[in-house]
Amino acid sequence: MAPFPYTFIDRVLITQKQIETRVAELGAKISQDYQDSTHLLLLGLLRGSVVFITDLMRQIHLPLTMDFMSISSYAGSQSSGFIRIDSDHKTNISGWDVILIDDIVDTGFTIYTVRKLLTDRQPHSLRICALLDKPDRHRVDIPIDYLGFSIPDEFVVGYGLDIDEKGRNLPYIAAVNLERYRQG
Ligand code: IMP
Ligand code: MG
């Protein structure tokens with residue numbers, strides 16, 4: 001059997017076990033920080049955050065609800081520098097403790113823009129949670145309150161992250177060989 005189900009995978013950056021451990025730690029921290037909250041909402045950005053949010057929510061031992069927004073920001077591996085709301089969240093977040101959850105912070109434009117938009121909707125509080133961060137790529141300054149891992153400037157797939165919709169099903173985070181990807 002081939003080592004990876006996609007030929008464009010270069011190597012594993014973060015193992016399934018490492019992710020599991022870190023997600024449990026984040027869940028424990030959030031459980032502690034929000035123990036007095038009566039309206040905790042995990043708000044995920046589709047589709048990249050789906051695997052992360054479903055694992056994370058099961059490590060948070062508090063009453064909570066989950067909602068999603070769908071945002072377009074990328075074609076392939078290049079930042080387009082703007083985002084579009086394809087589908088908005090259903091919850092009226094006024095008065096809620098919102099944790100905005102995304103798979104990865106790259107330039108930061110997505111989180112920066114969504115955060116501004118959500119702030120206008122007057123949540124009781126708003127924090128940012130991301131599985132991955134590429135600090136070398138930031139173009140705007142954003143605080144990440146709950147971060148899984150910092151990674152180098154490489155394109156990655158797995159655990160919900162994709163390249164042109166491929167690779168989301170991998171249980172680990174893997175670096176993509178972009179040259180091999182372009183060759184098909
Ligand atoms: P930003 O607006 O530049 O921070 O981009 C964030 C979004 O770009 C993420 O939610 C991902 O959908 C996508 N993205 C950025 N880097 C990667 C990557 O290495 N792999 C997969 N998706 C990525
Ligand atoms: Mg995304």
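First listed ligand is number 1; within each ligand, the first listed atom is number 1. In this chain, residues are counted from 1 in sequence order.
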Salt-bridge test for K90 and D67: reply yes if a basic N is under 4.0 Å from a carboxylate O, no otherwise.
no

Can you name the atoms of ligand 1, numbered from 1 with element, that are less than 4.0 Å from a heavy atom of E154?
19 (O)

Pair H39, D97: side-chain N/O donor-acceptor within cut-off below 3.5 Å:
no

For K134, is the nearest heavy atom under 4.0 Å from an atom of ligand 1?
yes

At a 4.0 Å threshold, what atoms of ligand 1 neighbour a non-hydrogen atom of F109?
2 (O), 4 (O)

Mind checking whether F52 and Y159 have parallel, tilted or perpendicular rings, split at 30° and 60°?
tilted

Pick, from I111, L45, T107, the option with the minimum heavy-atom distance to atom 1 (P) of ligand 1.
T107

Determine, considering heavy atoms only, which of S49, G108, G167 sits nearest to atom 4 (O) of ligand 1.
G108

Give the numbers and elements of all ligand 1 atoms closer than 4.0 Å to a heavy atom of D102.
10 (O)

Do any N/O atoms on V157 end up under 3.5 angstrom from N/O atoms on ligand 1?
no

What is the distance from atom OH of Y146 to atom CG of L131, rounded to the nearest 0.5 Å?
16.0 Å

Decide yes or no for D86 and L46: does some side-chain heavy atom of the first lie under 4.5 Å from some side-chain heavy atom of the second?
no

Can a donor-acceptor pair be found, under 3.5 Å and without considering hydrogens, that links the side chain of Q59 to the backbone of L56?
no

Under 4.0 Å from a heavy atom of L161: which atoms of ligand 1 are those, numbered in the order shown and with their elements?
20 (N), 21 (C)

